[in-house]
Structures are given as C-alpha cells and as structure tokens.
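I have placed the structure first, in the form of structure tokens, so that the comments after it can refer back to it.
The chains referred to below are lettered A, B, ... by the order of the sequence lines, with proteins before strands, and numbering in each begins at 1. The figures here come from the full heavy-atom set of this structure, side chains too, leaving out hydrogens, waters and symmetry mates.
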Protein chains: 2
Amino acid sequence: MEQRIERIKKQLHSQSYKLTPQREATVRVLLEHEDDHLSAEDVYMLVKEKYPEIGLATVYRTLELLTELKVVDKINFGDGVSRYDLRQEGAAHFHHHLVCIECGAVDEIQEDLLEDVEKVVEHRWNFTIKDHRLTFHGICHRCK
Amino acid sequence: MEQRIERIKKQLHSQSYKLTPQREATVRVLLEHEDDHLSAEDVYMLVKEKYPEIGLATVYRTLELLTELKVVDKINFGDGVSRYDLRQEGAAHFHHHLVCIECGAVDEIQEDLLEDVEKVVEHRWNFTIKDHRLTFHGICHRCK
DNA sequence: AATCATCTTTGTAACAATTCTCATTTGACA
DNA sequence: TGTCAAATGAGAATTGTTACAAAGATGATT
C-alpha cells in the first residue's frame, strides 16, 4: 500500500504534480476499493469519511489527473455515471469486464486475451491500437 | 428501406407497441444515417427537419424503446453523450468500433473476431455471454 | 524571513444531458 | 362513434460534471 502510494507520488512528481493530502486521501480510497468500480460520487463519500473538508470538485479533478497519468481508467457501463478503476501496476492494457445483467455485479478479467484480435485489426484496418475497452454482458456464475 | 421499416413495425407490434408517425420519422433518420453515431440531440435535429412538431422527449423515448428491442444499440465513447447505432439486421452480436484519438472518427468493424475469446471467457469464468462491447482507441489509417 | 509566482483547493454557480410530469392528443377496437 | 390505454409535447426538474472566483498553500529566490 505505502509503496504503491510512493510510486504514484513519484509518477506525479515526474510530471511536476504534487501529491497533496487531498490527492493522497483519494488515492488511498481507490487502493482500498481496488475491486470495486466507484463513481466519482462514491469516491467523494468515502474520502469524506477520512478527510471531511474535501470538496467534490477536488475529487473530480484528482480522478481526471489520475486518468491522464493512466493510474486509473475511466469507464462507463451505460448507467449514467463514469466509474474509475485502478490499473494493475505496469499493465500495458486495460483489463476487461464481465457485467452481469441479473445482479449487476462487475467482475474483472486481467488476462489480455485480445492479442490475436488486435493483430488482425492493426493489419486489416491499418489502425494503430493504443488502448481498448472490452465488456461482456451476460449471466455471471453466481446467478446461474 | 421500406422493407426494413416494415420489419421494425412488425417487431414493435409483436410487443404491442405502435409505429407512430414520430417513431417512424425517427427510425427513418437512423436508417438514413446508418454509418454515423448520432447522439439523441443529433437525431432530434434531423427528425425535426421532416417532422418539426416532434419533441425531444419523444426522441429519447423512441431511442430507449428501440434499444430495448435491440434495433439500435446505445453506446458511449467517453464524451458526455450516449450515441445510438443501428444493429445490422439479424446480427447476433453488436459490432465493434475503432475510435481515432487524433481526428475523432469512429469506424465500424462488422466482423465478429471475438468467437475464440468468448469461448475462453464462457469456460474459464463460467459466464454466459449475451452481448459485448469492444472499442479500440488509436490512430486511424487516415491520420498516419 | 519576506516576497512572489504558481498550484491547489473550496464552495458554488453554471451547464448540459437526460428524465419526469402532466395536460392533451391519438388511434385501435368494441 | 365512444372509450381507454398508449403516446406525445412542452417545459420543469434532476443529475452528473465542469467552470469560476476567491482564498490558501507551497516553494524558490532574494
């Protein structure tokens, strides 16, 4: 935990951003809820527990900054809100999601799985892939 | 065109919905812009040209209905708006997208490409896939 | 230590997309 | 033709997000 924060701090510094207390509190919340897919409002509520003076705008700005640095990814599952998801450290690509249409659960797939497909796409469409988003909708193992 | 509308009409009737003039005008706009990825506002503007009395809420309601019937898919490329994309008639799965981070163009991939990946996912995660969303972000052939 | 420029934060206002409300209209069918 | 549920239109309300202005913190330079 502390080490990951330390590394994120370095990453910020390398682009001459600072890890202010508010930003650190926000990052801690994200690390503590690594498996969830929190909306900005969710993050705000959770940060407020430990750092009640924080403002909503600061949370939005921090999430935006972390997205820019590719520490988190901003995703959208079709409900009206953006959600923020920590990247695996060092992951080249963003992981995939399984969204259950019964219970709404969101599970993650860390494996890439798309290498072959991406080769085909890069070739056939002459498109240089920088990132991807892959979500499956269906019935999760718990709902069967 | 007329035949496709006729088939959509049947589909609506089969669920006891009606193809009202407003709905038909909306469907026509979607068919005429099959290659685009129109937002609700875009659709509204275009329908208004032919049917000026239509209200924005009706367009939203119609798009919602068509989404439910899987005539269109509601997609989200990360800008703040939902876009609506006609399904290929009879397509089992939703097609994929290439979003250019230079020029913003959105191209479509009609090929499935995910058969193998889906087999793996269904097996390994015991997840029954009903639909998918796949978007690649990168540099399109025009921007190189 | 005082000064200065630069970030950063906060609270709130503004904004834009979408949904809701409700009075009115429509259209299928008895 | 009268009935009634479904559909519509206009605008208000709601919601997620961003912009703004003022105040505060930081850190380098003198």
Side-chain angles (χ1 to χ4, degrees), chain A residues 8-29 37-69 71-85, chain B residues 8-29 37-69 71-85:
Chain A
I8 290 169
K9 186 173 181 176
K10 287 215 180 82
Q11 214 178 331
L12 282 163
H13 284 162
S14 79
Q15 317 238 358
S16 55
Y17 293 116
K18 303 169 207 167
L19 185 65
T20 64
Q22 292 90 336
R23 286 175 182 171
E24 182 173 333
T26 305
V27 169
R28 278 182 192 280
V29 162
H37 299 83
L38 304 174
S39 67
E41 196 77 27
D42 293 338
V43 174
Y44 176 56
M45 295 307 211
L46 290 165
V47 177
K48 253 184 139 30
E49 290 175 10
K50 301 234 175 121
Y51 200 114
E53 321 88 283
I54 202 168
L56 177 57
T58 302
V59 171
Y60 269 102
R61 273 187 302 254
T62 302
L63 291 170
E64 191 189 349
L65 180 60
L66 293 173
T67 302
E68 201 180 295
L69 295 176
V71 171
V72 303
D73 275 286
K74 189 174 178 180
I75 44 177
N76 200 300
F77 292 128
D79 51 349
V81 290
S82 294
R83 298 177 179 280
Y84 298 85
D85 205 354
Chain B
I8 290 169
K9 185 173 182 175
K10 286 216 180 80
Q11 214 178 331
L12 282 164
H13 284 161
S14 77
Q15 317 237 358
S16 55
Y17 293 116
K18 306 168 205 169
L19 185 64
T20 62
Q22 291 90 336
R23 286 176 182 170
E24 183 173 334
T26 305
V27 169
R28 277 183 194 281
V29 162
H37 299 85
L38 304 174
S39 68
E41 196 78 26
D42 294 338
V43 175
Y44 176 57
M45 295 308 213
L46 289 165
V47 177
K48 254 184 139 27
E49 290 174 8
K50 300 235 175 119
Y51 199 114
E53 322 87 283
I54 200 167
L56 177 57
T58 300
V59 171
Y60 269 103
R61 278 186 296 243
T62 301
L63 291 171
E64 191 189 350
L65 181 60
L66 293 173
T67 303
E68 201 180 297
L69 296 176
V71 171
V72 303
D73 274 286
K74 189 174 175 180
I75 45 177
N76 198 300
F77 292 127
D79 52 347
V81 290
S82 294
R83 298 178 177 280
Y84 297 85
D85 206 354

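- In this structure, the nucleotide among D:dA7, C:dT8, D:dG9 sitting nearest to the side chain of B:Tyr51 is D:dG9.
- Nucleic acid contact class of B:Arg61 (heavy atoms, under 4.0 Å, all strands): base.
- Atom CG of B:Leu56 and atom P of D:dG11 are 12 Å apart (whole Å).
- Across the protein-nucleic acid pair, A:Tyr60 atom OH and C:dT12 atom C1' stand 15 Å apart, rounded to whole Å.
- Both A:Val59 and B:Ala57 sit near DNA chain C, but only A:Val59 has its closest nucleotide nearer the 5' end.
- Atom CG of A:Asn76 is separated from atom C1' of D:dT17 by 13 Å (rounded to the nearest Å).
- In this structure, A:Gln22 atom CD and C:dC7 atom P are separated by 17 Å, rounded to whole Å.
- Among D:dA6, D:dT26, D:dG16, the nucleotide with an atom closest to any side-chain atom of A:Val81 is D:dG16.
- Crowding of A:Lys9 atom NZ: a count of heavy atoms from other residues, nucleotides or ligands under 6.0 Å not exceeding 12.
- In this structure, of C:dT8, D:dT17, D:dT8, it is D:dT17 that holds the atom nearest to the side chain of A:Ser82.
- A donor-acceptor distance shorter than 3.5 angstrom exists from the side chain of A:Thr62 to the backbone of A:Thr58, with no hydrogens or angles considered.
- Atoms CG (B:Leu65) and P (C:dT18) sit 17 Å apart, rounded to a whole Å.
- Separating the CG atom of B:Leu19 from the P atom of C:dG27 is a distance of 12 Å, rounded to the nearest angstrom.
- The phosphate of D:dA7 (OP1 or OP2) has no side-chain N or O of B:Thr20 nearer than 4.0 angstrom.
- A distance of 7.0 Å separates OG1 of B:Thr67 from CG of B:Asp73, quoted to the nearest 0.5 Å.
- Closest contact between the side chain of A:Ala40 and the listed nucleotides D:dT17, D:dA7, C:dT18 involves D:dT17.
- Across the protein-nucleic acid pair, B:Leu12 atom CG and C:dG27 atom C1' stand 15 Å apart, rounded to whole Å.
- Atom CZ in B:Arg83 sits roughly 10 Å away from atom P in C:dT18 (whole-Å rounding).
- Here the side chain of B:Lys18 is nearest to one of C:dT19, D:dA6, D:dT26, namely D:dA6.
- Of the candidates C:dT9, D:dT17, D:dG9, the closest approach to any side-chain atom of B:Glu53 belongs to D:dG9.
- Taking each heavy atom of A:Leu69 and A:Gln11 in turn, the nearest pair found is O-NE2, 3.1 Å.
- Side-chain contact between B:Asp42 and B:Arg83: present, with at least one pair of heavy atoms (C-beta onward) separated by less than 4.5 Å.
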